[in-house]
2 protein chains.
Amino acid sequence: MQRMTKQRAAIAELLESTHDFKSAQQLHDLLRERGEAAGLATVYRTLQNLAEAGELDALRTEEGEMLYRMCERAEHHHHLVCRSCGKTVEIDGPTVEDWAQRVGGSFGFSEIEHTIELFGTCAQCAGMRV
Amino acid sequence: MQRMTKQRAAIAELLESTHDFKSAQQLHDLLRERGEAAGLATVYRTLQNLAEAGELDALRTEEGEMLYRMCERAEHHHHLVCRSCGKTVEIDGPTVEDWAQRVGGSFGFSEIEHTIELFGTCAQCAGMRV
DNA sequence: ATGCGTGCAAACGATTTGCAGCCGG
DNA sequence: CCGGCTGCAAATCGTTTGCACGCAT
């Protein structure tokens, strides 16, 4: 059902190589630099497809921009993302999971879900910034 | 410093009366219905001002739209929102704050910020659902 | 009187979509 | 060969901004 085109392959490969959160626009630029340019619209469409297929993690930045990255694990987890370069660390926090569950329960809420993402500046980017 | 205009008053009053999360556009429509119409740009600007002044809580939906609601407390906190009726409880969690800071730091990240929202079904809605 | 606040429309940035031609299966 | 995929440009959508005028202080 999913046709394998050169642009889809290029995008998947690019994400595979970094494993960091990147925006559609960044990926578009990176592809162009690599000489494997693809239309911006195609990048967007491909990212959506892959995300729907569960092959990519997606999240929205504070500024409202969507970021995608190659999944490393399917289980529930959160992310610590560098707001400058997109470098990502997957973290699981039994502590917060419990906290969320406990707090929700204490207010009589059930079927509790949570959205938790951490943003920061990684050591490398902090150093470069001067 | 903040000048009190009729549109600012109308917006504040509207938010005060619902205490629910609303988008700028929703507020704009509600104001028009009330016959207290204000320019859409003004609504946006006012919401930003109020949010910066710490008088409004702001969050971004999954779809990327900003929502605002009247604060009940000024300090940093998170929300527990009933996904059925929208009822919101403000929660603070020194535990998670620390956790976020600690986890971020342990990976060498600095200037750590976090996005944490809890969604659940409140006791009342859970009871009604049967 | 001053100059912030407002309204309107144009500008914006991210994302989507219409459509004709391309190409993978 | 056929229909999904692509590229491009135009279209959306939410939000922001430039500018001239109005009104709160």
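On a predicted model such as this, the values are computed, not experimentally measured, just so you know. Proteins get letters first, then strands, A, B, ... in listed order; numbering begins at 1 in each.
Close to C:dT6, at under 4.0 Å from its OP1 or OP2, lies a side-chain N or O of B:Thr5. The side chain of B:Thr46 contributes no N or O atom lying less than 4.0 Å from OP1 or OP2 of C:dG5. Between B:Tyr44 and D:dT15 there is a side-chain N or O to OP1 or OP2 distance below 4.0 Å. For the OP1/OP2 pair of D:dC13 and a distance below 4.0 Å, the side-chain nitrogens and oxygens of B:Gln25 include no atom meeting the criterion. For A:Gln48 and C:dT16, the shortest distance from a side-chain N or O to OP1 or OP2 is below 4.0 Å. The shortest distance between the side-chain N/O atoms of B:Thr42 and the OP1/OP2 oxygens of C:dG5 is not below 4.0 Å.
Counting to the nearest Å, the P atom of C:dT16 and the CD atom of A:Glu52 are 10 Å from each other. Distance CD (A:Glu63) to P (C:dA14): 10 Å, rounded to an integer number of Å. In this structure, A:Gln26 atom CD and C:dA14 atom C1' are separated by 13 Å, rounded to whole Å. Atom CZ of A:Arg3 and atom P of D:dG4 are 7 Å apart (whole Å). The separation between A:Leu47 atom CG and C:dT15 atom P is 9 Å, rounded to whole Å. Rounded to an integer number of Å, the gap from A:Met66 CE to C:dT16 P is 9 Å. Look at NZ on B:Lys6: it is 10 Å from C1' on C:dT6, rounded to the nearest Å. Rounded to an integer number of Å, the gap from CD1 of A:Ile11 to P of D:dC5 is 13 Å.
If A:Val43 and B:Gly64 are placed on DNA chain D by their nearest nucleotide, the residue sitting closer to the 5' end is A:Val43. Each of B:Ser23 and A:Gln7 was matched to the nucleotide of DNA chain D holding its nearest heavy atom; the match closer to the 5' end belongs to A:Gln7. When the nearest nucleotides of DNA chain C are assigned to A:Arg60 and B:Asn49 by heavy-atom distance, the more 5′-ward of the two goes with B:Asn49.
B:Glu97 and B:His78 form a side-chain donor-acceptor contact under 3.5 Å, judged by distance and modelled atom types alone. Under the 3.5 Å distance criterion, with hydrogens and angles disregarded, no donor-acceptor pair is assigned to the side chains of A:Gln7 and A:Thr46.
Between A:His114 and B:Phe119, a ring centre-to-centre spacing not shorter than 6.0 Å is recorded. Aromatic ring centroids of B:His79 and B:Phe21 lie under 6.0 Å apart.
When each of D:dC8, D:dT6, C:dT6 is scored by its nearest atom to the side-chain atoms of A:Ala41, the top-ranked nucleotide is D:dC8. When distances run from any side-chain atom of A:Arg45 to the nucleotides C:dA14, C:dG3, D:dG7, the shortest one goes to D:dG7. When the nucleotides C:dG5, D:dG7, D:dT25 are ranked by their closest atom to the side chain of A:Ala38, D:dG7 comes out on top. Listed candidates were D:dC23, C:dT15, D:dG14. Nearest to the side chain of B:Glu65 is D:dG14.
Proximity of B:Leu15 to B:Leu27: side-chain heavy atoms (C-beta onward) are separated by under 4.5 Å at one or more points. In this structure, the side chains of A:Thr121 and B:Phe109 stay at 4.5 Å or more apart for every pair of heavy atoms.
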